[in-house]
Amino acid sequence: MRKRSNETVSTETTLIPANYTVQEVFGFPSQLQLAGYAPGHALVPKATPGYVWDARIARDFIEWLTEPNPDPLWISGPTGCGKTDALKNVFAALNIPTVIVSAKSSTEPDDILGRVQLRGGDTVFVPGNLLLAYEKGHAIILDEIDGYNPEVLMACHRLLERAVVTLDDGTIIQPASRIYMAATANTRGDGQGGDIYTATNIFNVASLNRFEKWEMTYPPPEVEEQILENMFSGKLQSNIMKAMVKTATDIRRAYLDGNCPSPVSIRDLLRWGRKLIQAWNRKDVAPLYHSFDKAFGNGVDPHVRAMLHTLIQTNFGVPAPEIQGVSP
Ligand SMILES: Nc1ncnc2c1ncn2[C@@H]1O[C@H](COP(=O)(O)OP(=O)(O)O)[C@@H](O)[C@H]1O
Ligand SMILES: [Mg+2]
């Protein structure tokens, strides 16, 4: 049997279990205890400043976190609805070290599981991040999993079942007693969405079967308004932020109806807010529209953009500027 490299584990910090209340993690008045670790590990993700919990998602997380043996999650949902951020903020609040695996289409199973390397004349097995996390009980986020080569996911089947893994070279990897694994994806892994998510893959039922499935959408207006409020309060008036959220909701509706090629994400809304504050005093442009176009509008065809401008005009009562080449 080959030697296993131990240099990758030499910097390990011991994890000290610690409990946190639902109130501490999600901000809702409940003293229910959730298991995590004492702070201090370098791999604990950073919480998002001004993060706002949607009560429904928080309740789903509480269910998952209190399961004796939680299954891996497959969280599907449109781009920028907050899938990755929700996971990061849960693990941040519980101080659970987290490994985020972002695979490319060219990623092979060995890239994330580990590979045999030559070290000082010996061949040693160097485990990949994912296997190390599996052994140590770190949370694992398989980000944008539908961009992975399906073969990679097949190679992870035993991990997804939290089984003992024996690698080709005889190396035995025991899972930690508790592991949170979660995948984020634009699709359910079944080819959902047709053309819009072109680089996504279709996975076999055996792979998909191993996941607990969640579908996330953009947050309800009151949550999105609070996100903007936390970010821009004192810089943008509340009624402006409300109208921005209303516009985002209208554009998402237009997207679902097939009238706009993509939905507006939370990221786009935040960018609109930042750009609006910057452009506020400009006289050479219409700041509201100029900032919207930088956040989103310039990414779509001018005719679609003109239609989106009419939504802004309705929600803000500010006349839309003409777009060159598009008759009003
Ligand atoms: N609940 C939230 N509160 C505050 N900001 C959020 C929230 N959800 C998402 N965001 C913001 O939106 C951005 C996009 O979210 P992200 O989780 O990356 O989307 P997804 O993974 O669904 O594509 C994040 O970087 C963060 O700035
Ligand atoms: Mg993401």
Side-chain angles (χ1 to χ4, degrees), residues 22 25-28 45-62 72-94 98-105 107 139-148 180-189 192-193 196-201 211 213-233 235-236 238 241-242 244-245 247-249 251-252 255-256 261-277 294-296 299:
V22 163
V25 176
F26 297 105
F28 305 119
K46 299 268 171 295
T48 307
Y51 190 81
V52 183
W53 278 107
D54 175 352
R56 196 177 59 80
I57 304 286
R59 277 188 216 106
D60 287 341
F61 270 117
I62 294 165
L73 296 182
W74 183 295
I75 306 182
S76 64
T79 181
C81 73
K83 302 176 295 293
T84 310
D85 227 33
L87 289 165
K88 278 203 222 163
N89 279 279
V90 166
F91 299 136
L94 293 169
T98 303
V99 169
I100 303 184
V101 191
S102 309
K104 307 186 289 285
S105 55
T107 303
I140 297 170
I141 300 179
L142 303 165
D143 211 26
E144 308 278 353
I145 196 170
D146 47 7
Y148 291 31
Y180 294 112
M181 283 182 270
T184 74
N186 289 136
T187 72
R188 295 180 299 258
Q192 173 200 2
I196 154 150
Y197 297 120
T198 39
T200 60
N201 283 304
F211 291 89
K213 293 148 187 85
W214 291 13
E215 195 169 65
M216 224 168 135
T217 51
Y218 294 106
E222 62 279 10
V223 170
E224 226 164 21
E225 284 165 15
Q226 190 61 51
I227 294 173
L228 294 186
E229 196 74 53
N230 289 358
M231 221 53 193
F232 303 124
S233 113
K235 296 185 184 134
L236 287 178
S238 292
M241 292 188 272
K242 266 190 190 323
M244 288 168 68
V245 170
T247 306
T249 309
I251 297 175
R252 289 167 192 160
Y255 162 67
L256 292 175
S262 60
V264 165
S265 68
I266 304 177
R267 204 179 286 116
D268 296 328
L269 260 185
L270 291 169
R271 192 185 301 119
W272 187 7
R274 284 197 311 275
K275 291 282 139 190
L276 180 55
I277 292 164
K294 280 189 169 166
F296 187 81

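Order of appearance sets the numbers: ligands from 1, and atoms from 1 within every ligand.
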With a 4.5 Å cut-off on side-chain heavy atoms, are Leu270 and Phe232 touching?
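Of all side-chain heavy-atom pairs linking Leu270 with Phe232, at least one is under 4.5 Å.
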Within the structure provided, determine whether Ile277 and Leu236 are in side-chain contact (heavy-atom separation under 4.5 Å).
yes
Parallel, tilted or perpendicular: rings of Phe28 and Phe26 (30°, 60°)
parallel
Within 45° cone of Phe296 ring axis and under 6.0 Å: Arg271 NZ or CZ:
no
Using a cut-off of 2.8 Å, count how many protein N, O or S atoms are strictly closer to the Mg ion (ligand 2).
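If we list every protein N, O or S atom nearer than 2.8 Å to the Mg ion (ligand 2), we get 1.
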Pairing donors with acceptors under 3.5 angstrom, does anything connect the side chains of Asp146 and Thr187?
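Yes.
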How about NZ on Lys235, more than 12 heavy atoms from neighbouring residues, nucleotides or ligands closer than 6.0 Å, or not?
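Check fails, neighbour count at 12 or below.
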Without swapping roles, check the side chain of Asn186 against the backbone of Gly77 for a donor-acceptor pair under 3.5 Å.
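Yes; at least one donor-acceptor contact below 3.5 Å.
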For the pair Arg188 (side chain) and Ser76 (backbone), establish whether a donor and an acceptor sit closer than 3.5 Å, ignoring hydrogens and angles.
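No; zero donor-acceptor contacts below 3.5 Å.
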Between Arg56 and Glu222, does at least one N-O distance fall below 4.0 Å, as a salt bridge requires?
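Glu222 and Arg56: not salt-bridged.
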What does the N/O contact table under 3.5 Å look like for ligand 1?
| unit_1 | atom_1 | unit_2 | atom_2 | d |
| --- | --- | --- | --- | --- |
| ligand 1 | 1 (N) | Val52 | O | 2.7 |
| ligand 1 | 3 (N) | Val52 | N | 3.0 |
| ligand 1 | 17 (O) | Lys83 | N | 3.4 |
| ligand 1 | 17 (O) | Thr84 | N | 3.3 |
| ligand 1 | 17 (O) | Asp85 | N | 2.7 |
| ligand 1 | 18 (O) | Arg267 | NH2 | 3.0 |
| ligand 1 | 19 (O) | Gly82 | N | 3.2 |
| ligand 1 | 21 (O) | Thr84 | N | 3.0 |
| ligand 1 | 21 (O) | Thr84 | OG1 | 2.8 |
| ligand 1 | 22 (O) | Cys81 | N | 3.2 |
| ligand 1 | 22 (O) | Gly82 | N | 3.0 |
| ligand 1 | 22 (O) | Lys83 | N | 2.9 |
| ligand 1 | 22 (O) | Lys83 | NZ | 2.7 |
| ligand 1 | 23 (O) | Gly80 | N | 2.8 |

